[in-house]
K.L.:
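Sending over a structure as structure tokens; questions will come in a sec.
First the proteins, then the strands, lettered A, B, ... as listed; each starts at 1. Any value given below was found using the heavy atoms of this structure, including those in side chains, with hydrogens, waters and symmetry copies removed.
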Amino acid sequence: MNQTIVFLAASLACGAVLADEIRDYRAEAAAMLKRDFKTKGIATADRLHEDGVQAICNRTSDHPPKAVAERLEKDQLDGVRYPADGKLMGDWKAGEKLAQSGRGMTWSDKAGVPGGGNCYNCHQIGPQETSFGTIGTSLYQYGKLRGNTPETQKYTYAKIWNAKAFNLCSAMPRFGHAGALTEAQIKDLVALLLDPQSPVNSK
Amino acid sequence: MKQRLSTLLVAAAMSAAFAVHAQQPVKKPVPPPAKAAASAKQGGITAEFEKFREVLEEDNPAELFEARGEDIWKHKKGPDGASMAQCDLGLGAGVVKGAYVQMPRWFADVGQVMDAERRVVHCMVKYLGYKEEDIRKQPFSNVNKTPDHVSVITYVAGQSRNLKIAAPQKHPKEKETYEIGKEIFAYRAGPYDFSCATCHGEDGKRIRTQDLPNLRKPDQAIRAYQGWPGYRMTGGFMLTQQWRMNDCFRQQRFPEPGYLSDSITALLAYMTATANGQVYKGPGIKR
């Protein structure tokens, strides 16, 4: 985390040089948002603050210098918490329900009610679901193509926990990191993608 | 709750600038559920909807709201006899024709860039005696009520039917508003790390079966304009661009933008100027 701050500071310093030459509309935009937006329900006003990763991606139009991206990806990966019992796969049926649900974290969602994964909003996953989004890649046959090995399980768990650990400015939310999904929920999603019984991997 | 409300109202009265951003702690209409989550099987529904829309567009129910808005614009008088004939939408007092497609724009009388909805509400407060805090209590339509200001906006929009979008970019403040809007569009934050660009930054993407326009491109930025204000078929009421922005911020997992706030004007200025030159077909139908 310390390193994150050092890199962030370095990058902000570069930004400051630029800001002298051209007007810093980005900073003006951030200030305007903070003035105009108010807490509603669980969507609190402090959500407008950028964390280190968001700040770097926002300042580089999602193309941070490679060295910075690698450094921050490593920080993000270091923060992934794996299940204590080492079991990374839960119940694929529960995973399918979670993948279907687009609930969670909006001001119309209730505090304390577990959210869904929003996965079908962006990904093709199971073969029966034809209403899927295309912001993410197709995950159909994911386990078939990758093999249900311990390494794949670990990668998949970590990817869902924190997509930015592998691709700093990914469009995909950091579900575990943000507290949007619990450990048990992420295990169910890993099972949806990797369990040989899951329809995702049917012939 | 009551006490907070009155404190806020006092504070709002004390400062006009604050009033514009004041958030009333009153019950807002419950936003419809995230469309993306609304149905797992939308393929067939989308096709049905498109067919239905074609039929309806011949005889657009939005015109009912236009007529209601026109009535308010032409006949309603304020407490001191003032009327909307004094309202300048940018082309001179009382001129409605072509005004909608030339906003957001700089208004010297208030020293602000305003989008159409903001300007219309401004005039209804100034000339017709509507109370801003009442309008803020229900800014958007729901099944029970399409507020007057929404009908007036629909009328004003209808008076720009088949005209070219021409949001001015001459005044330095208009350019500045555009630039800030462009940055807001790209600003990622919140628990999901979303910005507008996450969903509207690439060609040919979808959420579930809903096509997402790439709003950075002129030919697709028109979708921030085309068909808005829109008649919502599931419910039978009119929704404005301000509503669309509000609901997208909800899906973005952001806190709530102030109604008629600078941030929304900036976003609308950015998208509208990007769509400049294309023909606005008037209020439409949205699912």
Side-chain angles (χ1 to χ4, degrees), chain A residues 23-33 35-51 53-55 57-58 61-62 100-109 116 118 120-122 129-135 163-164 169-175 177-180, chain B residues 20-23 25 28 30-43 45-46 176 178-195 197-199 201-202 204-210 212 247 249-258 261-264 266:
Chain A
R23 213 169 132 179
D24 191 354
Y25 289 117
R26 211 203 65 78
E28 290 182 41
M32 189 183 277
L33 290 171
R35 219 170 57 225
D36 287 346
F37 285 60
K38 300 280 145 63
T39 294
K40 180 165 181 177
I42 61 171
T44 47
D46 60 1
R47 289 184 179 189
L48 291 170
H49 292 293
E50 305 156 285
D51 77 347
V53 169
Q54 292 166 343
C57 293
N58 283 344
S61 306
D62 290 345
Q100 289 282 358
S101 167
R103 302 215 127 274
M105 294 262 169
T106 73
W107 70 60
S108 41
D109 290 306
N118 291 267
Y120 279 106
N121 282 358
C122 295
E129 183 50 86
T130 55
S131 167
F132 56 83
T134 57
I135 294 174
K164 272 70 174 179
C169 300
S170 171
M172 180 163 152
R174 295 170 281 179
F175 291 102
H177 174 89
Chain B
V20 174
H21 308 296
Q23 198 69 3
K28 293 263 171 64
V30 180
K35 285 181 184 175
S39 164
K41 299 268 179 288
Q42 272 179 351
I45 293 171
T46 304
E176 171 190 303
Y178 169 96
E179 293 297 339
I180 292 175
K182 188 176 175 183
E183 292 295 337
I184 291 178
F185 192 86
Y187 187 85
R188 273 184 175 207
Y192 278 16
D193 309 322
F194 284 170
S195 72
T198 307
C199 294
E202 275 182 75
K205 297 290 182 191
R206 298 192 316 252
I207 288 236
R208 290 283 187 160
T209 55
Q210 292 178 300
L212 300 166
D247 199 61
F249 273 119
R250 187 183 63 84
Q251 292 187 51
Q252 204 168 312
R253 276 72 185 178
F254 271 38
E256 191 179 39
S261 60
D262 291 340
S263 299
I264 303 295

K.L.:
Is it the backbone or the side chain of Ser170(A) that comes under 4.5 Å from a heavy atom of chain B, or both, or neither?
P.N.:
backbone

K.L.:
Can you tell if the side chain of Pro191(B) reaches within under 4.5 Å of the side chain of Arg47(A), non-hydrogen atoms only?
P.N.:
yes

K.L.:
At a heavy-atom distance under 4.5 Å, which candidate from His49(A), His177(A), Lys164(A) has the highest pair count against chain B?
P.N.:
Lys164(A)

K.L.:
I'd like to know if Arg174(A) pairs up with Asp51(A) as an ion pair, taking the criterion as any Lys NZ or Arg NE/NH1/NH2 lying under 4.0 Å from an Asp or Glu carboxylate oxygen.
P.N.:
yes

K.L.:
Is Glu176(B) close to chain A through its backbone or its side chain, or both, or neither, when contacts mean heavy atoms under 4.5 Å?
P.N.:
both

K.L.:
For Ala180(A), is there any backbone N or O sitting under 3.5 Å from a side-chain donor or acceptor partner on Tyr192(B)?
P.N.:
no

K.L.:
Please flag which part of Phe194(B) lies under 4.5 Å from any non-hydrogen atom of chain A: side chain, backbone, both or neither.
P.N.:
side chain

K.L.:
Of the listed residues (Gly116(A), Ala43(A), Cys122(A)), which shares the most heavy-atom pairs with chain B below a 4.5 Å separation?
P.N.:
Ala43(A)

K.L.:
Does the side chain of Phe132(A) come within less than 4.5 Å of Arg206(B)'s, by heavy atoms?
P.N.:
yes

K.L.:
May I ask you to decide if Asn58(A)'s main-chain N or O and Arg188(B)'s side chain share a donor-acceptor pair within less than 3.5 Å?
P.N.:
no

K.L.:
Give the member of Thr198(B), Asp193(B), Leu212(B) that has the highest number of heavy-atom pairs under 4.5 Å with chain A.
P.N.:
Asp193(B)

K.L.:
Could you tell me whether a side-chain N or O of Asp36(A) sits under 3.5 Å from a main-chain N or O of Ser263(B), the two making a donor and an acceptor?
P.N.:
yes

K.L.:
For Thr44(A), is it the side chain, the backbone, both or neither that has a heavy atom under 4.5 Å from a heavy atom of chain B?
P.N.:
backbone

K.L.:
Judged by atom type as modelled, is there a donor-acceptor pair below 3.5 Å linking the side chain of Lys182(B) to the main-chain atoms of Ala266(B)?
P.N.:
no

K.L.:
Where on Ala171(A) is there a heavy atom nearer than 4.5 Å to chain B: the side chain, the backbone, both, or neither?
P.N.:
both

K.L.:
Can you tell which part of Asp46(A) gets under 4.5 Å to a heavy atom of chain B, answering side chain, backbone, both or neither?
P.N.:
neither

K.L.:
Only pairs of heavy atoms separated by less than 4.5 Å count here; which of Ala30(A), Gly133(A), Ala163(A) has the most with chain B?
P.N.:
Gly133(A)

